[in-house]
Amino acid sequence: MKKCIFCGKPVKETKYSIQVDDDLGNVYCCNIECYQKTRRYIESYKSIRKTVVYFITAILVVMNLFIIGYHADFRWMYLPLIGLGVMFIADPSIYVTNYFYGQFGILKTLRVFRLIGLAITLFGILLTILWMPGT
């Protein structure tokens, strides 16, 4: 049984089909609305915005590595973690593989990974608030 790549519902007709890449091959949508949303999502994935998101994420990872490597001990040392959580919320597709889209659909996958990003962000904020010098 084929599933809609956007909402994850079963597809009765293969009228709405999109060739994505070699990993997924043809993906199917259950109706024209899901088809259009999937096309927009794929186009946004190929945009320059994706490069900016990767660049910002790389900077936050490097900042985090420096803080860990130098055993920094200051209140705002969890700021890169908060930033990574926000990037996870803003564009979870940089962390998600095609497996998740194929299994659960784009909509459900984005919701779950945005919740994970929210948890990471809140954890970073909590660590910043509860920070005590020398611990």
Side-chain angles (χ1 to χ4, degrees):
M1 178 58 99
K2 295 178 177 152
K3 290 187 200 178
C4 176
I5 190 67
F6 190 77
C7 66
K9 294 178 184 173
V11 174
K12 295 175 184 151
E13 298 178 49
T14 58
K15 187 164 119 176
Y16 304 106
S17 165
I18 302 172
Q19 173 67 32
V20 180
D21 60 14
D22 294 335
D23 291 344
L24 282 179
N26 276 347
V27 294
Y28 302 97
C29 299
C30 59
N31 58 41
I32 189 70
E33 185 180 330
C34 285
Y35 176 80
Q36 290 170 343
K37 289 178 181 178
T38 302
R39 294 293 301 170
R40 277 193 300 250
Y41 184 76
I42 291 170
E43 290 304 317
S44 74
Y45 187 79
K46 296 177 182 177
S47 70
I48 189 73
R49 183 178 73 96
K50 183 64 67 182
T51 306
V52 172
V53 169
Y54 278 121
F55 184 71
I56 292 170
T57 302
I59 289 172
L60 291 169
V61 167
V62 169
M63 286 173 57
N64 208 16
L65 290 173
F66 274 114
I67 289 170
I68 292 170
Y70 287 114
H71 302 290
D73 192 23
F74 56 97
R75 176 167 297 281
W76 302 107
M77 67 185 180
Y78 298 107
L79 199 56
L81 178 65
I82 296 169
L84 287 170
V86 169
M87 295 307 294
F88 211 108
I89 295 168
D91 195 358
S93 65
I94 63 173
Y95 304 100
V96 179
T97 64
N98 290 339
Y99 170 79
F100 294 106
Y101 295 135
Q103 289 292 323
F104 308 110
I106 294 171
L107 193 59
K108 189 182 287 185
T109 301
L110 292 180
R111 284 181 183 161
V112 168
F113 277 86
R114 283 189 172 132
L115 279 173
I116 293 169
L118 180 64
I120 292 169
T121 303
L122 292 176
F123 182 65
I125 291 170
L126 182 68
L127 289 174
T128 301
I129 291 171
L130 298 177
W131 175 83
M132 295 179 57
T135 57

* Asked: When you look at NZ of Lys9, are more than 12 heavy atoms from neighbouring residues, nucleotides or ligands closer to it than 6.0 Å?
  -> no
* Asked: Within a reach of under 6.0 Å around OH of Tyr54, are more than 12 heavy atoms found that belong to other residues, nucleotides or ligands?
  -> yes
Are any non-hydrogen side-chain atoms of [X] and [Y] less than 4.5 angstrom apart?
| X | Y | answer |
| --- | --- | --- |
| Met87 | Leu60 | yes |
| Phe88 | Phe113 | yes |
| Ile5 | Tyr28 | no |
| Tyr41 | Leu110 | yes |
| Arg114 | Arg111 | no |
| Met63 | Ile59 | yes |

Would you give the length of the straight line joining atom [atom1] of [X] to atom [atom2] of [Y], rounded to the nearest 0.5 angstrom?
| X | Y | atom1 | atom2 | value |
| --- | --- | --- | --- | --- |
| Leu115 | Ile120 | CG | CD1 | 11.0 Å |
| Leu107 | Tyr101 | CG | OH | 11.5 Å |
| Lys37 | Ile42 | NZ | CD1 | 14.5 Å |
| Leu126 | Leu81 | CG | CG | 11.0 Å |
| Cys7 | Ile106 | SG | CD1 | 10.0 Å |
| Arg39 | Cys29 | CZ | SG | 9.5 Å |

Nearest atoms (heavy-atom pairs only) where [X] meets [Y]:
| X | Y | answer |
| --- | --- | --- |
| Gln103 | Lys3 | O-NZ, 2.8 Å |
| Gly85 | Thr121 | C-OG1, 3.0 Å |
| Gly117 | Ile89 | C-CG1, 3.6 Å |
| Cys30 | Cys34 | SG-SG, 3.8 Å |

Should [X] and [Y] be regarded as members of a common hydrophobic cluster, given that ILVMFWY residues are connected when their side-chain heavy atoms come within less than 4.5 Å of each other, either directly or indirectly?
| X | Y | value |
| --- | --- | --- |
| Leu118 | Val86 | no |
| Leu84 | Phe55 | yes |
| Ile82 | Leu122 | no |
| Tyr78 | Ile56 | yes |
| Tyr16 | Val27 | yes |

* Asked: Do any N or O atoms from the side chain of Ser17 and from the backbone of Asn26 form a donor-acceptor pair under 3.5 angstrom?
  -> no
